[in-house]
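What follows is a single structure, written as structure tokens, with notes after it.
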Amino acid sequence: MNAFTPAAKPLEWSALDDRAVKTIKALAADAVEKVGNGHPGTAISLSPAAYLLFQKVMRHDPADQHWVGRDRFVLSAGHSSLTLYLQLFLAGYGLEMEDIASLRTWGSKTPGHPEFGHTDGVEITTGPLGSGLSSAVGMAMAARRERGLFDPETADGESPFDHNVYVIAGDGDLQEGVTSEASSLAGHQELGNLVVIYDQNHISIEDDTDVSYSEDVLKRYEAYGWHVQRVDWTNGGSQYTENVEELYAAIQAANAETGKPSIIALRTIIGWPSPTKANTGGIHGSALGAAEVAGLKEALGLDPEQSFAIDEDVLAYTRNVASRQADERAAWDAAFAAWKTANPSNFELLERITKRELPEGWDSVLPVFEAGSSIATRAASGKVLNALAPVLPELWGGSADLAGSNNTTMTGEPSFIPEHRSTAMWKGNKYGRTLHFGIREHAMGAILNGIVLHGGTRAYGGTFLVFSDYMRPSVRLAALMQIPSIFVWTHDSIGVGEDGPTHQPIEHLAALRAIPGLDVVRPGDANEVSYAWKSILEVTNRPAGIILTRQNIPTFERGEGAATATTFASAKYVAQGGYTLIDSEGTPDVLLIATGSEVQLAVAAREALAAEGIGARVISMPSVEWFNAQSNEYKESVIPAGVKARVSVEAGLALGWREFVGDAGRSVSIEHYGASADANTLFREFGFTAEAVVAAAKESIAAAGA
């Protein structure tokens, strides 16, 4: 139990509370009826539960929505956005009646699903079912890590950094596989600060869930290691009673259980007390119709002739929620002030991280790799992370059971696990830094988003590039939310070798580049890796995926500045996304644009072309997104419009490279799946050789001349 949580007090429920709940049931129906589409049923039946959380349980302040000490709320059932919007309206987060009436319309603050950054009080974008609950697991993990980072010595429940993460989820959330992945990890991690209210109404779009869903969900969660409770408002089907006292007691019991995450299966009737459509799929995702709305209001004791109505005394009462928590806030403020005085360096760290700033001179520790050496970029990335560990305490992460392959472990840093979960290889504690996601790639992506959204740390997670397919929904949401999640994807091509085509990414680079707002970064040597990490960490308004090789590749001998015909450019130009790595004498006859392990092929081809009197410029293009963000003048300086002969070189689809190589251009690419053999054989057999690049260059020169 938390010393500052209002839930520790007895429940006070008055006639005003009853009127408020009845009012928002009617408002949910009115809003969907006005726009003609939406999901009214869950918002109607969950009104008492959501109201209980926002008005009686959670610690929050509508005037200070980024308050460090607030509890977090995630509406995983994002289709029922009104469940959240109506509570934000009542509590005073800036939504007014006209916003409720503008549901799902152009320019409104109330879009069809809650969107982070669009509506005050919304902690996360939810829409794809299961993503919200899964990211909430990340928030709960982040809360524990931050507790260890800022205030590890204070007794449990007494730190200003102790708070809870509350989730409302539905049957659809619990059916999605990502929720199973994340919930399994949450139980293993013993996340006692996570409380899920599972709206078990047995209705989805196809009506009764019995057609596809019959398991005992609580037994499953009990097997995951969760604390489970059941609250049945149907009373076994005999009589429907919205027993808020029983639900409140269950939430208190969940908060008292600090060694396990908690799930409360709340058996409801969707849309209750709608007279004819309650407990049907018809109220799940459709407007009720005028007659049904009127019948609902009559059942609630409200005037059916009134729409979008609320009594002034009800709204005044609900918007006084922060004042009703004044004693708890004062106690928290006092505890925070005492912590700040006792921990000035930790307070400075908190201030810096909150502002999303990096410490002065942090990048001076980035490793410089010896020219002429041969090292896989995944190994170089591991060395970068080890160098950053002491100077960026907020940075943490791990892999989906591939730590040794992804090189994501900071040497000597303990694992983030309950101490008794330590193994012979991995020692850790509840505040550790090394994350073990298990073989749960989709959950890893969602959890990373939750960690970043929580606000006090920066997290990364790794797997093989081919398995980014499992993560794509979470990666897309990170881009949609414009949050700086970091995805580490190794084994980036047919260079994976003997594992064969199931593990060899072909279409993945193109598919990831198709996600708007995602930075895809594929460094061409070890020093590009250092600068790639530097740029990724400096960006705080979008996610990035760093794409790394399994196989060793050469480290180029570089100068301090821009490229010449005899000197390779500094790797610092990685920040521009694409840059001239080594130039030709005079105007080039052909441009060779390459990424990752194929940059070396372009370099070798340039030398072969030079021997024939053909001038080639090699352009390293680690990030198309970063390059496209540069000025037209800069892009012209790298890829001059007057040079029509161009070749792209990348061990993936040619898709996407046409914009750079143009009509006369050629692409050295792979347009089919790979095979099982060593990497050198595969590159040779599938045409990734310097000779192939030379041939493509000559073809392009001929085409440009024609």
Review point. Do N386 and T411 meet the criterion of a side-chain donor-acceptor pair at a distance under 3.5 Å?
Key: yes
Review point. So L591 and V647, side chain to side chain contact (heavy atoms under 4.5 Å, CB included) or not? Walk me through it.
Key: CA-CA 6 Å; L591 308 178; V647 177; over 6 Å; no
Exercise for review: Inspect the surroundings of OH in Y470 and state if more than 12 heavy atoms from other residues, nucleotides or ligands are less than 6.0 Å away.
Suggested key: no
Check your understanding: Applying side-chain hydrogen bond (donor to acceptor under 3.5 Å, both in side chains), which residue pairs with at least one partner in residues 345-354 are found, sequence neighbours left out?
Key -> R352-E394
Review point. Could you state the interatomic distance from CG (N527) to CD (E557), rounded to the nearest 0.5 Å?
Key: 10.5 Å
Exercise for review: Please report the shortest heavy-atom distance between I494 and F686, naming the atom on each side.
Suggested key: CD1-CD1, 3.8 Å
Check your understanding: When you look at CG of L655, are more than 12 heavy atoms from neighbouring residues, nucleotides or ligands closer to it than 6.0 Å?
Key -> no
Check your understanding: How about T434 and S415: does a side-chain donor come under 3.5 Å of a side-chain acceptor?
Key -> no
Point to revise | E528 vs R558 side-chain heavy atoms within contact, under 4.5 Å | key: yes
Check your understanding: Would you find a donor on one side and an acceptor on the other, under 3.5 Å apart, between the side chain of S474 and the backbone of A446?
Key -> yes
Check your understanding: Please walk me through it: do K383 and E370 pass salt bridge (charged side-chain N to carboxylate O under 4.0 Å, His left out)?
Key -> CA-CA 13 Å; K383 293 181 184 296; E370 182 181 356; over 6 Å; no
Check your understanding: Is there a side-chain contact between S700 and V661, using heavy atoms and a 4.5 Å cut-off?
Key -> no
Check your understanding: With a 4.5 Å heavy-atom cut-off, do F627 and K635 have their side chains touching?
Key -> yes
Exercise for review: Identify the two heavy atoms, one from E598 and one from A594, that lie closest to each other, and give their separation to 0.1 Å.
Suggested key: O-CB, 3.7 Å
Check your understanding: Between the side chain of Q600 and the main-chain N/O of S597, is any donor-acceptor distance below 3.5 Å?
Key -> yes
Revision key, fill the gap. Residues pairing under ring-ring contact (aromatic ring centres under 6.0 Å, His included) where one sits in residues 563-605, two or more places apart or in two chains, turn out to be F556-F568
Exercise for review: Report the residues that fulfil salt bridge (charged side-chain N to carboxylate O under 4.0 Å, His left out) with R684, sequence neighbours left out, ordered by chain and then residue number.
Suggested key: none
**Study point:** Any E636 side-chain heavy atom under 4.5 Å of I639 side chain
**Key:** no
Check your understanding: With F683, which residues qualify under ring pair (Phe, Tyr, Trp, His ring centres under 6.0 Å), at least two apart?
Key -> F688
Review point. Between I124 and S135, which heavy-atom pair has the shortest distance, and what is it?
Key: CD1-CB, 3.3 Å
Check your understanding: Is NZ or CZ of K572 both nearer than 6.0 Å to the six-membered ring centre of Y531 and within 45° of the ring axis?
Key -> no
Exercise for review: Determine the minimum heavy-atom distance between L512 and R472, stating which atoms define it.
Suggested key: N-NH1, 4.0 Å
Check your understanding: Which residues satisfy the salt bridge (charged side-chain N to carboxylate O under 4.0 Å, His left out) test with E123, sequence neighbours excluded?
Key -> R70
Review point. Would you call the rings of F464 and H491 parallel, tilted or perpendicular if under 30° counts as parallel and over 60° as perpendicular?
Key: parallel
Contacts under 3.5 angstrom, residues 691-698 side chains, donor-acceptor by atom type, not counting sequence neighbours:
{"residue": "K698", "atom": "NZ", "partner": "E612", "partner atom": "OE1", "Å": "2.8"}
{"residue": "K698", "atom": "NZ", "partner": "E612", "partner atom": "OE2", "Å": "3.1"}

Study note, to complete from the structure: So side-chain hydrogen bond (donor to acceptor under 3.5 Å, both in side chains) across residues 639-654, not counting sequence neighbours, yields R513-E650, T595-E650, S648-S667, E650-W657
Check your understanding: Do you know the tightest heavy-atom contact between S493 and R522?
Key -> CB-NH2, 4.2 Å
Study note, to complete from the structure: Rounded to the nearest 0.5 Å, the CZ atom of R433 sits from the OG1 atom of T457 at a distance of 10.5 Å
Point to revise | side chain to side chain donor-acceptor pair (under 3.5 Å) against E699, all qualifying residues, sequence neighbours excluded | key: R666
Check your understanding: Do V590 and V643 have side-chain heavy atoms sitting under 4.5 Å apart?
Key -> no
Exercise for review: Of all the heavy-atom pairs spanning N449 and S485, show the shortest one and how long it is.
Suggested key: OD1-OG, 2.8 Å
**Study point:** Minimum side-chain heavy-atom gap L537-I486 below 4.5 Å
**Key:** yes
Study note, to complete from the structure: Contacts of S535 meeting side chain to side chain contact (heavy atoms under 4.5 Å, CB included) (sequence neighbours excluded), chain-then-number -> A575, W626
Review point. What distance do I451 atom CD1 and M139 atom CE have between them, rounded to the nearest 0.5 Å?
Key: 10.5 Å
Check your understanding: Quick one: CG on L477 to CG on L453, what's the gap to the nearest 0.5 Å?
Key -> 10.0 Å
Practice item. Please tell me if the side chains of F416 and R144 come closer than 4.5 Å, counting only heavy atoms from C-beta onward. Key: yes
Check your understanding: Listed by chain and number, what are the side chain to side chain donor-acceptor pair (under 3.5 Å) partners of D583, not counting sequence neighbours?
Key -> R617
Review point. Are R458 and W396 in a cation-pi contact, defined as NZ or CZ under 6.0 Å from the six-membered ring centre and within 45° of the axis?
Key: no
Check your understanding: Any chance CZ of R476 has more than 12 other-residue heavy atoms, nucleotides or ligands included, within less than 6.0 Å?
Key -> no
Review point. Between the side chains of D678 and T681, is a donor N or O closer than 3.5 angstrom to an acceptor N or O?
Key: yes
Revision key, fill the gap. A563 meets the side chain to side chain contact (heavy atoms under 4.5 Å, CB included) criterion, sequence neighbours left out, with A569, T580
Check your understanding: Regarding E671 and S669, is there a side-chain donor-to-acceptor distance under 3.5 Å anywhere?
Key -> yes
**Study point:** Donor-acceptor contact present, side-chain S405 to main-chain L402, <3.5 Å
**Key:** no
Exercise for review: Any chance you could measure T377, atom OG1, to I546, atom CD1, to the nearest 0.5 Å?
Suggested key: 7.5 Å
**Study point:** Evaluation steps, side chain to side chain contact (heavy atoms under 4.5 Å, CB included), between L358 and L392
**Key:** CA-CA 8 Å; L358 294 163; L392 296 181; 3.8 Å; yes
Practice item. Give, for atom NZ of K427 and atom CG of N429, the distance between the pair rounded to the nearest 0.5 Å. Key: 12.5 Å
**Study point:** Single hit among T463, T409, N406, N407 for side chain to side chain donor-acceptor pair (under 3.5 Å) with S399
**Key:** N406
**Study point:** Audit row: V520, L509, side chain to side chain contact (heavy atoms under 4.5 Å, CB included) steps and yes/no
**Key:** CA-CA 8 Å; V520 179; L509 289 165; 4.3 Å; yes
Practice item. Run the salt-bridge test on D401 and R440 with the 4.0 Å N-O cut-off and return the result as yes or no. Key: no
Practice item. Would you kindly say whether D120 and Q65 are connected by a side-chain donor-acceptor distance under 3.5 Å? Key: yes
Exercise for review: Report yes if the side chains of Q504 and Y673 come closer than 4.5 Å at any heavy-atom pair, otherwise no.
Suggested key: no
Check your understanding: Within a radius of less than 6.0 Å around CD of E360, do more than 12 heavy atoms belonging to other residues, nucleotides or ligands occur?
Key -> no
**Study point:** Any residue meeting side chain to side chain contact (heavy atoms under 4.5 Å, CB included) with S637, in chain and number order, not counting sequence neighbours
**Key:** Y634
